[in-house]
Amino acid sequence: MNATVRRRRLLLWSVLPVLLILCFAAKLLSLGILARQAAAGFEAGSASTVGTAAGGLGIANLVEPHKAPFAAGDASVLAGDDGAARALFEQSLQMVPAGSGDECLVRVNLVLVIERLGDQRLQAGDPASAVPLFRQALDVAGRAPESCRSNDAEDGAGSRLSNAEGRLEDKLGAAGQKAAQDPAQAGEPSPDPSGDTRQSQLGQLQDSARQAERERNSGREREEFLDSNGGTAPERPW
């Protein structure tokens, strides 16, 4: 191997680290740009803009991997899919550094979207299903670190968590009372009107059978039966 070939190989090996450093720097710069794009899209109520930013954040994001599902959760909220938003915020919460400012924001969003799911169950007339959702939201809020409750918490996370907990306590109490007052929600069987109808029909059939028996045995008994009922026979059950 001559000296020229060796120099070319050495040059290539020296270029690779430089390229990696440049790619890493470009990724760091793009994170800030995409994060601002996601925030602006959310403020504008554009689910597509936030979704596009979330897709970019998810590409080779080794520095802040929690931001991609967080932004995707925001996009799902704007699209009206609170169930998908909850799953994405839960994913983000598992990835975010514990005790960081971002954890506070992720936790707040997760609490709010679970609360909304509970509100939807209440609006659908199903307080029994709303109760566990409100409890889950309270549990997520209760697990927030002290740093998220301080006055210095990012984006007012402390007051937002406290306000959410107050609302959830009230909603949990009201939903629990409604569920307890509703027999169907409490698991008690509701009266079956069809069963009452069948029972009435059975009684009428039995009466008709007894009447026919009496008619076969004695015409006089039949006349007495009719006289005791105002001269009319029992109604047919069909």
For a 4.5 angstrom cut-off between non-hydrogen side-chain atoms, does Val108 reach Leu112?
yes

Close side-chain approach of Val111 and Leu168, heavy atoms under 4.5 Å:
yes

Tell me every residue that passes side chain to side chain contact (heavy atoms under 4.5 Å, CB included) with Val106, counting only those two or more places apart in sequence or in another chain.
Phe70, Ser92, Leu93

For the atom pair [atom1] ([X]) and [atom2] ([Y]), what is the distance rounded to the nearest 0.5 Å?
{"X": "Gln123", "Y": "Gln120", "atom1": "CD", "atom2": "CD", "value": "7.0 Å"}
{"X": "Leu133", "Y": "Leu117", "atom1": "CG", "atom2": "CG", "value": "6.0 Å"}
{"X": "Leu105", "Y": "Lys67", "atom1": "CG", "atom2": "NZ", "value": "9.5 Å"}
{"X": "Asp102", "Y": "Arg107", "atom1": "CG", "atom2": "CZ", "value": "13.0 Å"}
{"X": "His66", "Y": "Phe89", "atom1": "NE2", "atom2": "CZ", "value": "12.5 Å"}
{"X": "Glu165", "Y": "Arg167", "atom1": "CD", "atom2": "CZ", "value": "10.0 Å"}

Quick check: closest heavy atoms across [X] and [Y], and the distance to 0.1 Å?
{"X": "Ala128", "Y": "Pro132", "result": "O-CD, 3.1 Å"}
{"X": "Asp82", "Y": "Val113", "result": "O-CG2, 3.6 Å"}
{"X": "Leu88", "Y": "Gly73", "result": "CD1-N, 3.6 Å"}

Please name all residues satisfying salt bridge (Lys or Arg N to Asp or Glu O under 4.0 Å) with Asp155, sequence neighbours left out, ordered by chain then number.
Arg160

Determine, step by step, whether Asp119 and Phe134 satisfy the side-chain contact (heavy atoms from CB on, under 4.5 Å) criterion, reporting the C-alpha distance in whole Å, the side-chain angles of both residues, the deciding distance to 0.1 Å, and the verdict.
CA-CA 9 Å; Asp119 290 340; Phe134 291 147; 3.6 Å; yes

Start with the C-alpha distance between Asp139 and Arg135, add both sets of side-chain angles, then the distance that settles salt bridge (charged side-chain N to carboxylate O under 4.0 Å, His left out), and finish with yes or no.
CA-CA 6 Å; Asp139 180 67; Arg135 285 176 178 162; over 6 Å; no

Between the side chains of Glu146 and Arg149, is the shortest nitrogen-to-carboxylate-oxygen separation below 4.0 Å, so that they form an ion pair?
no

So, Glu103 side chain and Gly99 main chain: donor-acceptor pair closer than 3.5 Å or not?
yes

Going by disulfide (SG to SG under 2.5 Å), name the pairs with one or both residues in residues 69-150, residues two or more places apart or in two chains.
Cys104-Cys148

Side chains of Arg86 and Gln136: do they bring a donor and an acceptor to under 3.5 Å?
yes

